[in-house]
There are 4 protein chains.
Amino acid sequence: MTKDTGERFVSYQELQRHNTKDSCWLLIHGKVYDLTSFLSEHPGGQRIILNQAGGEATAAFDQVHSEDVIERTLPPDVCVGVIDKKTMKGVAAPTVATPDELFEQAEKILPLSQIINLYDFELLARKSLARPAWNYYSSGSDDELGLRENLDVYSRVWLIPRILVDVSQIEFRTTILGFPSAAPFYMTATALGRLGHPEGEISLTRAAGAEGIIHMLPTLSSCSLDEMTGARVEGQTQFFQLYVNRDRDVTRRIIKQAEQRGCKALFITVDAPALGHREKDMRTKFVDEPPTEMKGKAVKRDQGAARAIGSFIDPGLSWKDLAWFRSVTSLPLVLKGVQCAADAVLAARHGVAGIVLSNHGGRQLETARSGLEILPDVVAALDAYYATEKQPSGPRLEVFVDGGVRRATDIVKALALGAKAIGIGRPFLYANHGYGQRGVEKAIQILKDELQSVMMLLGAPDIKAIVRDMVDASSLKMHVGPPVINSLAQRAYEPLPLPELSKL
Amino acid sequence: MTKDTGERFVSYQELQRHNTKDSCWLLIHGKVYDLTSFLSEHPGGQRIILNQAGGEATAAFDQVHSEDVIERTLPPDVCVGVIDKKTMKGVAAPTVATPDELFEQAEKILPLSQIINLYDFELLARKSLARPAWNYYSSGSDDELGLRENLDVYSRVWLIPRILVDVSQIEFRTTILGFPSAAPFYMTATALGRLGHPEGEISLTRAAGAEGIIHMLPTLSSCSLDEMTGARVEGQTQFFQLYVNRDRDVTRRIIKQAEQRGCKALFITVDAPALGHREKDMRTKFVDEPPTEMKGKAVKRDQGAARAIGSFIDPGLSWKDLAWFRSVTSLPLVLKGVQCAADAVLAARHGVAGIVLSNHGGRQLETARSGLEILPDVVAALDAYYATEKQPSGPRLEVFVDGGVRRATDIVKALALGAKAIGIGRPFLYANHGYGQRGVEKAIQILKDELQSVMMLLGAPDIKAIVRDMVDASSLKMHVGPPVINSLAQRAYEPLPLPELSKL
Amino acid sequence: MTKDTGERFVSYQELQRHNTKDSCWLLIHGKVYDLTSFLSEHPGGQRIILNQAGGEATAAFDQVHSEDVIERTLPPDVCVGVIDKKTMKGVAAPTVATPDELFEQAEKILPLSQIINLYDFELLARKSLARPAWNYYSSGSDDELGLRENLDVYSRVWLIPRILVDVSQIEFRTTILGFPSAAPFYMTATALGRLGHPEGEISLTRAAGAEGIIHMLPTLSSCSLDEMTGARVEGQTQFFQLYVNRDRDVTRRIIKQAEQRGCKALFITVDAPALGHREKDMRTKFVDEPPTEMKGKAVKRDQGAARAIGSFIDPGLSWKDLAWFRSVTSLPLVLKGVQCAADAVLAARHGVAGIVLSNHGGRQLETARSGLEILPDVVAALDAYYATEKQPSGPRLEVFVDGGVRRATDIVKALALGAKAIGIGRPFLYANHGYGQRGVEKAIQILKDELQSVMMLLGAPDIKAIVRDMVDASSLKMHVGPPVINSLAQRAYEPLPLPELSKL
Amino acid sequence: MTKDTGERFVSYQELQRHNTKDSCWLLIHGKVYDLTSFLSEHPGGQRIILNQAGGEATAAFDQVHSEDVIERTLPPDVCVGVIDKKTMKGVAAPTVATPDELFEQAEKILPLSQIINLYDFELLARKSLARPAWNYYSSGSDDELGLRENLDVYSRVWLIPRILVDVSQIEFRTTILGFPSAAPFYMTATALGRLGHPEGEISLTRAAGAEGIIHMLPTLSSCSLDEMTGARVEGQTQFFQLYVNRDRDVTRRIIKQAEQRGCKALFITVDAPALGHREKDMRTKFVDEPPTEMKGKAVKRDQGAARAIGSFIDPGLSWKDLAWFRSVTSLPLVLKGVQCAADAVLAARHGVAGIVLSNHGGRQLETARSGLEILPDVVAALDAYYATEKQPSGPRLEVFVDGGVRRATDIVKALALGAKAIGIGRPFLYANHGYGQRGVEKAIQILKDELQSVMMLLGAPDIKAIVRDMVDASSLKMHVGPPVINSLAQRAYEPLPLPELSKL
């Protein structure tokens, strides 16, 4: 027992003994936690915890979590006590590379000045990210058909530029839900930013601020809300992405915090009642079971992923909950993850401020269509709705799209088909990794530069000049043949044998 | 002559002399058979018999056949007599690996705990199955376009999830022909189970029982009907798949047996009046003829496959035979291998209980369309039929689909398009190989797990909530370009030559 | 001067001196020819002649030509005289491998008994044919898109089998232009048969005879008409393919000969007013010019191909010539190379007995559509024509298709779409190479065997049961993406560079 | 100061000291220029200038520029003075390979006589061009989807030849804007000809003249207008391609010069208000910044490309400027780079003489459709316009197409769809490189030869016989799957991992 708080003191030697699956203690920010019963529920898998069992886990913990995540999500009794610092003499403190050291290292692999498109950041990340981090960021669900389709769909839409339009002045500033944005795209919420860079969401939000872009802060951030909102610059807009917790009091508290810290809109994720089956990720998460344990009994598959997330995210969320959200906040509500025209019209009927057409970066339901593919149907359905139905008060809802955007041509295609703005996620994570804020700023600048050039070439001096007639989307819905190839099925298949020819 | 039965005693030494194509005797379960005249008719090819000629063939025989197959299918005079056991002193009994030994071996290559999808089982099987067994299981007909199309067709259908549906309770139990099933899929009949695992169909049926899944027992099983039905657990449902023999008395006897042993429905295979031309299989079956034999005369191709199966399966089977089936059994009749809407309506008119839309795993008619592709047409035609025609008594027939299913997304696509349940075959054979019952159970668990997750993500809490509007099948019938590539044609083609550039 | 004929005697030593481009003499079947001025017109290229200049060329000549080709096609004064045999003492006679030696050799590479489909013959030929022969046989025009499309088009048509049809008796015998055929395919005319096998068209026609298949004899045969018709067996049908010579007397003589020797129909090639640009072939034909010769002057391209063939084939051939053909022969006339519905109707109006839908094996106009692709349009147009127009007397014309057929499924697809019979060319040339007559017979047997099996599986006991409803051809006209890949364009294109990543 | 002109003398030693980014002087044709402030604006990138800093740069300069480009485009004060020749004693004059030496070298790699199609020239160029030159010539914008589509689109259009048409005389001479052309294609304007060959545009225009083909002279030539027009032969037609300068006086002067020097039409480029983002090109242009310089500050991307070209080309150019052009010249006006039917009709309304349907060789707006794809829409819209609207005086405008043409089949496809003539660019640059005029002539001859043959095979004896019914363009607009593959996206994507199989 400590004198002041009534907490128990734990010696380093005692901690060290609890280093197995059967008793798994970790030291994090000076406190000792018993995570034995949580092992099988950890969304990040057991292995990553077991690797730290019986030792100082603060550095590893900080890579993926904000300091308060344990208090927020686990029962209080997982805390065994505080470490007795006297017993730690001679134990070396863990070291983490600084942002500048990481920048130096990335520069040696690929100087930032040599980067000319968003794929370059991805290439660097694929090479230099730790494998579990790369697998977490880059993975999609099942066979990753949806993940790849998100990129490929853009090559089925072709542009129709107009000529002899005065494009000596290009203006692509716009508003998103009424808030000014330097460009018609925003930084969408992505989880676990510190997995790629020690400054995590902080450098992301700073880069967004420097470039006048709106940042949507994630629920599953690895920095705390205070850190993220604290990094905001004067006049910068931040939105907040929300995973709805089963416990509505927790959800209410999170919303209130976001509102109080100045977030301007609430993007409620509606496409994740369960977690997608992401195999790149899964291959690195499983603990190798010793074969002897399995002998003689059927092997039960770890049901971890869906269940674990289920303990945070409410699979019972439904349309009738929208009234409750309205009762606890005055923030504009946006549904993130709408995937068909019928639900878009329902959203309009429920009076939300906006919807994001998205298949969650191909990470949730496999072969759910890309946001771009459903955009024309959604816009047509909303046109019909607003033309004929008695509407709720307020302006027409805004339609956003995310997934697979790598080029300004992608952006203008979505705008031409009726999107108000486009969300971009992974590319900024990849840019943040290694180069930090400077990398993310450059990524944004590349897109702005391309946008300047593309709008000139398209004959569209401003956003409203990017109209439906500027795209040929007649092949949009054709899902035939590659480029989306089932890479597993293809490699599992063995081509027909040829007869063996003798060599004479 | 033996004293008791009047059978002749054969000495081991006499047996050993009959070891050629011209006189080919084998010892199987203590009896000696002269298979010389059967060599060219053996569906499995001559080579596999000749390899055992003049010796003890019981182990090899058991890999593919139930003990009574010779009695059931060959004339009685192929039995030369019983072996004189005195003459076998010092002859080592053949050894077969036990299931546990096989499991250990598979674990060393790929631990069962590491398997996260059905492709993993296929990969293991491709590596560790004996080549003839792999070739028999994995092959399709001709250029295997139909085989691959069965998988690829699913990537031309995309899902349309609904949001904000309460999916906190998922229920995917259903009924098949009125019998309860833990999931909307069943284990379809596959031949020669012991080729891959010594427990053959027994471990398949046990796994099905453990997981609440219905197993359709094959006519061409390598375990006997008694063994298969004996492995049934309390309350488990088994169906029976029937190849119709030319000799209707044989067929009647088989049906009666199946009925008496408790099978609940009869799936009559209607897509195999001849055997498909399966080249992976053929490459390993042919006997190398010495070139000298062929000199001076035209080489007649072994007409074996189609003829051989023709001696068992009746190519004269037709619609008018359905009345006969009804006269010999009260089991519900299902036609397995329906391939167009017209035949589906005919089936309804004949009052069958169900139909399986299938191209027989791509093993029969090459470029016959996949079951999934024809499903919407079939459902539409049946809707029209039941809406307008005077119907036979009884409920609407149930429509099943098989072929190429590897993911729960595949299953929900078929359900959304109107299937009652989905048949799965090869993946369970691959799982059975190496891991035995435990592997098959895990395969079923993987599908259930995926199904749980997919239905949550789709916004469908139960089977009836999976509706037509949840799939975009507009590209379903487009057969253009790859992913189905003609691997033979592609490798036979030699790309245009480039000019040779000198190196300076 | 010789005493008897007034021909000049030429000594071997004199012959040997004329071994250059400027004076190029060859000894062929005992006569000495001066081919200097013919060099640039030789359809087979200069190099192949120059290789024999100043020497005995009989063996090389016989590989591609019938003995009378020089008399038939070149002016008489190219013959310098007859060789003085006394002067040839000690000159070794050229040796040619015998058919049996070639068979032995092919057996060593790939035993005929191992061959299970037509691709296997192609594979053997690709490996063992002399490069110029392979290049001549296998080449298509330009980028070979049409050549490959001929095969690929079949994978865009899918089969719709019917079930529960009595297929215990399969009958695929049919008639072609009223003549009996053992199967609904025929051996189409292919040039230069002896390039691949010393028996050339003779073993082709013998195999056709043995298997009851009709052989269409080519104008550009390397055996003489007498040899080809002499190889006919009792009751065998032969047709004759005709290239129309500018000199109508020559054409009239050829037709008369064919008629007198018993050919039963005249297939007039109408798709070759010029020769296709075949690059595989061209790469081996060009003579390497010494660079010094080209200095200082523009290099004029050899205009050889089109011109050379132009001296034999009449580019002025037109519809009005059909009356002339009728005036010189009573044989049924068939137009070979019809490529659109409009010309098919014109052909019907002109009262021809049949048409072959063909793009000449992809060897003539590049990206001309395959015969199969135009078949439905042609049949529909003919249906309309025969339904409404006042017709010429006689039966409806028969429609044939050739190009790319490798499987019986290909054959039934064409039959279902309305073809009377299918022509097959290259596969028989490849089978003839190496295995000779035995190979060709096996190729035919393979197709018959497949056809037996495919018709059973399709539920079509005879040819007339193969109906339009048995194919889904809805993707037939879609030319998108691969499998037809422009192999030159693809290799000429250099993918975008990635940034160079340093290795740390 | 020089005595005569008041210019300052600069010693070689002084020149040599200004060899850095901070002070960058170059000696060009005897004058010394300070290009320090121009470095970041140079369209060709900084590196290429810095490589010459402080030295004699005439040879490098001449590779890409005509002698007067500095006077024409930079302020006069960049000229520091004239070199003091006395101070250059012992400085070796730079040497450039002569055309004959280059020809010899190319012959060693690939003799011109061996070249049989346009791809062969590209292959040679890819191998032997200096990397920056290859990158400049061959690059397209962004992911080069448009660049590749320009070639691929032709394989989605298939030909429909007619038979039995008298093609003994083929005539493909035509007129372009009323001027005679030996064939229905012209040599379109391409920049920087001397990058590939020291004679640059001169040998291009000479080859065009020798072959009776019209050459469109480029604004961004590396030879001067005088040189290009001086190389014209008797009766040869030259057009002039114009980039419109922000300074209309400059533009007026350029037009006047072109007119006075005998150019017959003015092709105004309307698809380049900004320069495309060409990554092949960019990878070689960037200067490696020392990493130390970037520490501690956000890296601003070089905004060079768009800005630099912006200083020459007027992004404000619009329809109303057409009146001004008419006021300064009587040459027929053609708009180069029209990309949709609406603009084609606008062009007709403005009374221009012609339009070029083009996406600028895939070098400007990425995924802008190919000229061929929009051709049918444009022709249909113009048909409607001329049928119904009150038209300006003068003949119907002529429609040209460029981009991706490599074969005569490509040419006839465009003609059949309504083009008057086809522009070809890169292939002639590649032919000019290495072989010079002789190479370009051969390239033209190859196309003429192919055209002769293709028109015979198509059954079209002259240009007007090439009609709409001769092409099936029903797949023209289908943008699905490859052959256009996103090579960056494909390589950035990492296929799903397979489980690791142990090797036993």
Side-chain angles (χ1 to χ4, degrees), chain B residues 142-143 145 270-277 279 282-283 286 288-289 291 294-295 297-301 303 305-306 314-319 321-322 335 337-340 342-343 346 364-369 477-482 484-486 488-490 492-499, chain C residues 100 103-104 107 111-114 116-117 119 122-123 126 138 143-144 148 151-152 154-168 210 279-280 283 406-407 409 413 437-438 441-442 445-446 449-450 452-454 456-459 469 472 474-475 478 480-483 487-488 491:
Chain B
D142 287 21
D143 296 306
L145 302 180
V270 294
D271 59 7
L275 205 69
H277 177 88
E279 303 204 342
M282 291 168 76
R283 295 271 184 220
F286 276 78
D288 298 295
E289 304 285 345
M294 284 185 297
K295 252 189 170 165
K297 62 176 169 104
V299 178
K300 288 292 171 191
R301 182 167 173 259
Q303 312 219 355
D314 186 0
L317 190 71
S318 72
W319 288 105
D321 292 302
L322 289 181
L335 302 184
V338 170
Q339 295 179 74
C340 67
D343 281 338
L346 272 182
Q364 290 292 99
L365 182 62
E366 170 63 309
T367 65
R369 300 172 302 168
K477 292 190 175 189
M478 289 193 186
H479 289 278
V480 287
V484 177
I485 289 170
N486 187 326
L488 286 180
Q490 182 161 286
Y493 174 70
E494 180 188 58
L496 281 174
L498 298 172
Chain C
D100 275 354
F103 186 86
E104 297 276 355
E107 279 285 316
L112 185 54
S113 63
Q114 300 291 320
I116 60 177
N117 60 43
Y119 294 110
E122 185 170 349
L123 205 71
R126 183 171 163 185
S138 72
D143 296 307
E144 299 195 342
R148 301 199 72 194
L151 279 88
D152 294 328
Y154 285 96
S155 67
R156 297 202 302 274
V157 178
W158 287 68
L159 290 169
I160 304 177
R162 298 305 299 267
I163 56 167
L164 293 175
V165 175
D166 182 344
V167 289
S168 48
E279 303 203 343
K280 262 182 192 147
R283 294 272 183 221
R406 297 292 181 272
R407 295 279 189 188
T409 49
K413 286 170 185 176
Q437 180 181 345
R438 283 170 285 184
E441 288 179 15
K442 175 145 186 185
Q445 289 158 13
I446 286 174
D449 242 43
E450 287 189 14
Q452 165 88 13
S453 169
V454 162
M456 290 177 82
L457 295 172
L458 191 60
D469 283 352
D472 176 354
S474 55
S475 300
M478 289 194 186
V480 287
S487 71
L488 286 179
R491 282 177 292 167

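Remember, predicted model here, so these are calculated numbers, not experimental data.
- Inter-residue side-chain proximity for Ser318(B) and Val165(C) is flagged as unmet; no heavy-atom pair is nearer than 4.5 Å.
- Residues Lys477(B) and Ser475(C) approach most closely at O-OG, 3.2 Å, considering heavy atoms.
- Here CE of Met478(B) is found 13.0 Å from CZ of Arg156(C). Values are rounded to the nearest 0.5 Å.
- With sequence neighbours excluded, the residues that form a salt bridge (Lys or Arg N to Asp or Glu O under 4.0 Å) with Asp343(B) are Arg162(C).
- Residues passing the side chain to side chain contact (heavy atoms under 4.5 Å, CB included) test with Leu159(C) are Leu365(B), Thr367(B), Thr409(C), Val412(C), Lys413(C), Leu458(C), Val471(C), sequence neighbours excluded.
- The nearest pair of heavy atoms linking Ala272(B) to Leu457(C) is CA-CD2, 4.4 Å.
- The minimum heavy-atom distance between Pro161(C) and Cys340(B), with the atom names listed, is O-SG, 4.2 Å.
- Among Leu164(C), Asp166(C), Val167(C), the single residue meeting the side chain to side chain contact (heavy atoms under 4.5 Å, CB included) criterion with Leu317(B) is Leu164(C).
- Listed here is the closest heavy atom pair of Pro315(B) and Met456(C): CB-CE, 3.5 Å.
- Taking 4.5 Å as the limit, every side-chain heavy atom of Glu366(B) sits out of range of all side-chain heavy atoms of Arg407(C).
- Shortest non-hydrogen contact noted between Trp319(B) and Ile163(C) is NE1-O, 3.5 Å.
- Taking CG of Asn117(C) as the start and CD of Glu279(B) as the end, the distance is 4.0 Å to the nearest 0.5 Å.
- With a 4.5 Å cut-off on non-hydrogen atoms, Asp472(C) touches chain B through its side chain but not through its backbone.
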